Amino acid sequence: MMEEESENNPSPGGEADRVPATPEAILALQDQPGVRPEAIRRALDLALSPPAPEAWARFLDRTLLFLGGLLATSGVLFFVASNWQELGHLARLGLVEAAVILAALGAWRLGPERLAGQVLLTVAAALVGPLLGVYGQIYQTGADAWNLFLAWSLLIVPWVLVGRNPVLWLLLLGLGNLTAWLAWDQLAGTDPWETASFQLWMCAANSLVWLAWEAFRRRTVGVLPCSGISRVLAALCLFHAALPSWMALLDSRFEGPWLGPIFLAALLVAIFRLLRPRDPDLFLPAAGLAAAISVVTVGASRVLLEDSAAEEAGVLLMGFLVLAQVAGAAAWLRRAGRSS
Amino acid sequence: MRPLLLDVLRQLGREGLLDPEAVSGLLAVGNQGERHSAPWFVRLLVGFGAWVASGFLVAFLFMVELVPEDLGAAVFGAFLLIGAGALRRSSAAEGSDFLQQSALAGWLVGQLMVGFGLAEGTDSPPLTAGVLLLVQVASVAFFPDAVARFLASGFAVASVLALMLHWKVPQADEVTFLLSALGAGLLWWHRPALLSGRFPQAVNPVGHGLVFSAFTLLALALADPFDQHPSGTLSSTALGAGVLLMAWCLLGERRRSGPGLAVMGFVLLLGLATSSAPGVMAAVGTLVLGFRAGERGLLALAWSFLLFFLAAFYYNLEVTLWEKSGLLLASGALLLGLRALLRRCR
C-alpha cells in the first residue's frame, strides 16, 4: 500500500524523499514537538513490517537456485575427482569441456537477463580454469601456473563483457592480479610481498584498470552494474601503495622509500578531488583515509618508539596520535555523509 | 527492501498520529538521523582505531608503573570505565569525534584493567567473569556507542563461556552458543517492540554482536579448543526447532498449503541431515531473520557463515569422494527440485 502511495503522489522534494524508513531515521524523530511515543511505535511497526509473501517467494527462489547450483556443481567436481585416476585422457578433457559447453549453451539459451543465465555463465567461466589445467596435465605443455591464469583471464573476457555480471568482473580482476603475482614470483625470482617495485607496478596497473572502469562505467549506463567493483579496485590500489610505504618506513634497506607515499598521495588526490564530487560512496574516502592513517602511524612509531630516548612518552603520544587521526577521519566521513 | 520515510509519515498523518503539515519538517529531521548513522566500514575504522589506541595507552600505563597491583588495577579500571561513560554521555562528546574516540579507548582500557586486576587480585575466575559480565550489561545500557555495545555483547558471551567452563557445565561451549543464539533470535524477532523500548539505540549493535559471537563460537567448536568434544546434536535440535517455529509463524495461514508443507518438510530434513553441523541451521536461521528484518549486514554475515559451514560439513563427512559427490548432487537436486515445485505452485 505504501509503495502505491509513492507512485500516486510523487513528491517534488527529490533525494530527501527517497530516504528509507530505517530505525535510525525514525528514532531521530522521538524528541520532535508534536511527535508522540505511539506515533514512533506505529512508525516502527510500519517500517519494520515483515516482507510481503511475494518478496519471500523471490528470496526463497534465489536462495534455492544459488545453493542448489553450488551444491550440484560441487557434486560434479567431486564426481570427476573421485574417478579421475580411472579416466582416460580424452574422457577427462571431454568431461570438463562438456561441462563448459553445456553451461555456456544454457546461459545463451536463458540469456543474461535471467538470474539462472547469469549463474550458468559464471559456472562456465569458472570451469575454463580447470579445463586448461586438465589440458596442461594431459599434454604436458610445461606451462607455468601464471601462464594458465593468463590464458584463463583472456579466454573469459568476451563472456565478462557480455555477461554484465559483477561476479564475472571480480573473477577477471582476481585472475589478472593472481597472474601478475605468480609471473613475478616465477620470472623475477624475488618474493613479491617484499619487493617494493612490484607492489608499485601493481598499484599502477590496478590504477589504470580503475581509471578505465570509472570512465567506461559512466558512459555506459546499465552495462556495468556494480559499484562494489570500484571498492575492490580502490582497496587493491591503496594496499599496493601502502605496503611498500610500510616496508620503506620499517626497513631502510628498501629502495625508493618515498615512492610508496607518493603513489598513495596521488591515489588520495584522485579519490577526494576527482571521484568524490561525482560519487557519494563513502567507502573510497574511508579506505583512503585508513591507508593514510596506517602509513602515518607506522612512520610515527619509527620516530617515536625506535629512535627516541623517551620511549614511554613516545608510546603515550602514539596512543593520542592514533585517536586524533581516527577521530578526524570519522568526523570528516560523517560530515561528508550528511552533506552528500 | 524498506518503505520510504515519507510514506510512513504520510500514513501516520492519515491515522491521526501526526499533523500532516509537519511531514516535510520531520522528513528533514529523519534524513539527518539516517545520515548520522555511520556505515559499517566507518564503524570498523573507528573500532579498530580505538583498539590500537587503547593498546598504546595500556602499554604506557604499565611502562610508567602507573597501574596499581592486583585489586588496585581493578579499582583504577572501574574509575576509567565511569569516566569514559561520563565523557561519552557529555554534551561535549556529541559534537566531537575525538572525545568519542577517547571515551571508547578509555572504555576498552578500563575493561582490561578491571579484568586484569580482578584476575590477579582474587585469583577467582568466576568472580572475574561475573564482574565483567555485569560491566558489559551496564555498558550496553549506559555507554551510548554502537561499537562499544557491539563489543560488549561479544565480551558478555565470552564471560558466560568462562563461567560455564569454570563450573564444568557439560558441553559448555555448546550451551553458551545456544544462549547467545537464543538471545539473538529473540532480539531480531522482536526488534520492532524493542526499538520502542528503553534502549532503542542498543538493539542493532547488540543484535549484530550476539550473532557474530554465536557464529564465532560455532567456528571455534570445529577446532575444539576447550576439549569439550561437542557433537552438535543439542545445538542442531534446538536450532532446527527454532527455525521450524519461525517458518510456522511466517507461513501463517499458508502453513497447510502444498508449498508451506514443502518448506516445513525441507527445514526438518535439513535439520536431520546436518545434525552434526549446527552451523548450517544457524546460518539458515540467520538468513531468515536477516531478510525478515531487512538487514543487509545480517544477510551478509549469514551467507558468509552458511558457505563456510556447508564447506566444513561436506569436508568432514567420513565417506569416499564418490559418496560425497553423490550427496552433493542429491542435495543440489533437492534444492533445485524444491525451487521448481514452489514456482509451479505460485
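The chains referred to below are lettered A, B, ... by the order of the sequence lines, with proteins before strands, and numbering in each begins at 1. Just so you know, these numbers come straight off a predicted model, no measurement behind them.
- Heavy-atom minimum distance, Val322(A) versus Gly49(B): CG1-O, 3.5 Å.
- When all heavy atoms are compared, the tightest approach of Leu45(B) to Ala290(A) is CD1-CB, 3.9 Å.
- Interface remark: Phe48(B) contributes no atoms to any contact with chain A (heavy atom separation under 4.5 Å).
- With rounding to the nearest 0.5 Å, the separation of CG in Leu60(A) from CG in Leu338(B) is 7.5 Å.
- Side-chain atoms of Val326(A) and Val52(B), non-hydrogen and from C-beta on, never get closer than 4.5 Å to each other.
- Contacts of Val263(B) with chain A are made by side-chain atoms alone, with heavy-atom separations under 4.5 Å and no backbone atom involved.
- Between Asp7(B) and Leu46(A) there is no side-chain heavy-atom pair separated by less than 4.5 Å.
- Proximity to chain A is absent for every atom of Leu61(B), based on heavy atoms less than 4.5 angstrom apart.
- Of the two parts of Leu334(B), neither the backbone nor the side chain holds a non-hydrogen atom closer than 4.5 Å to a non-hydrogen atom of chain A.
- Atom OH of Tyr314(B) is surrounded by more than 12 heavy atoms from other residues, nucleotides or ligands within 6.0 Å.
- Only the side chain of Leu70(A) has a heavy atom closer than 4.5 Å to any heavy atom of chain B.
- With a 4.5 Å cut-off on non-hydrogen atoms, Leu310(B) touches chain A through its side chain but not through its backbone.
- Distance CD/Glu312(A) to CD/Glu65(B): 9.5 Å, rounded to 0.5 Å.
- With a 4.5 Å cut-off on non-hydrogen atoms, Glu15(B) touches chain A through its side chain but not through its backbone.
- Between chain A and the options Ser196(B), Ser325(B), Ala22(B), the largest number of non-hydrogen pairs under 4.5 Å is found for Ser325(B).
- Separating the CG atom in Leu328(B) from the CZ atom in Phe79(A) is a distance of 13.0 Å, to the nearest 0.5 Å.
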Task: side-chain contact (heavy atoms from CB on, under 4.5 Å) between Phe59(A) and Leu287(B), intermediate numbers included - done: CA-CA 10 Å; Phe59(A) 170 69; Leu287(B) 260 184; 4.2 Å; yes
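- Annotation: the span from Arg343(B) atom CZ to Asp61(A) atom CG amounts to 4.5 Å, rounded to 0.5 Å.
- Here Leu17(B) contributes atom CG and Arg41(A) contributes atom CZ; the two are 10.0 Å apart, rounded to the nearest 0.5 Å.
- Considering only heavy atoms from C-beta on, Phe320(A) stays 4.5 Å or farther from Phe56(B) through its side chain.
- The most heavy-atom pairs under 4.5 Å with chain B, out of Ala39(A), Pro51(A), Ala329(A), Pro50(A), come from Pro51(A).
- Partners of Phe283(A) under the ring pair (Phe, Tyr, Trp, His ring centres under 6.0 Å) rule, at least two apart in sequence or in another chain, are Phe41(B).
- Contact of the Phe62(B) side chain with the Val315(A) side chain is not registered, since no non-hydrogen atoms from C-beta on lie closer than 4.5 Å.
- With chain B as partner, the option from Ala286(A), Gly69(A), Ala43(A), Pro37(A) having the largest number of non-hydrogen pairs under 4.5 angstrom is Ala43(A).
- Contact count versus chain B (heavy atoms, under 4.5 Å) is highest, among Ala55(A), Ala331(A), Gly34(A), for Ala331(A).
- Heavy atoms closer than 4.5 Å to chain A are found in the side chain of Leu307(B), but not in its backbone.
- Looking only at heavy-atom pairs under 4.5 Å with chain B, the residue among Leu67(A), Leu44(A), Leu316(A) that has the most is Leu316(A).
- Looking at Leu9(B), only its side chain comes within 4.5 Å of chain A, counting heavy atoms on both sides.
- Looking at Ala105(B), the atoms closer than 4.5 Å to chain A (heavy atoms on both sides) all sit in the side chain, from C-beta outward.
- Between Leu5(B) and Ala25(A) the shortest heavy-atom distance is CD2-CB, 4.1 Å.
- Contacts with chain B were tallied for Thr63(A), Leu65(A), Ile40(A); Leu65(A) has the most, counting heavy-atom pairs under 4.5 Å.
- The nearest pair of heavy atoms linking Leu29(A) to Gly30(B) is CD2-N, 3.7 Å.
- Among all heavy-atom pairs drawn from Ala53(B) and Gly319(A), the shortest one is CB-O, 3.7 Å.
- Taking CD of Gln100(B) as the reference point, atom CG of Leu323(A) lies at 12.0 Å (rounded to 0.5 Å).
- For the pair Val288(B) and Trp56(A), the minimum side-chain heavy-atom distance is below 4.5 Å.
- For the pair Leu64(A) and Leu342(B), the minimum side-chain heavy-atom distance is below 4.5 Å.
- Of the atoms belonging to Ala287(A), not a single heavy atom falls under 4.5 Å from chain B.
- By number of non-hydrogen pairs under 4.5 angstrom with chain B, the leading residue of Leu333(A), Leu27(A), Leu317(A) is Leu27(A).
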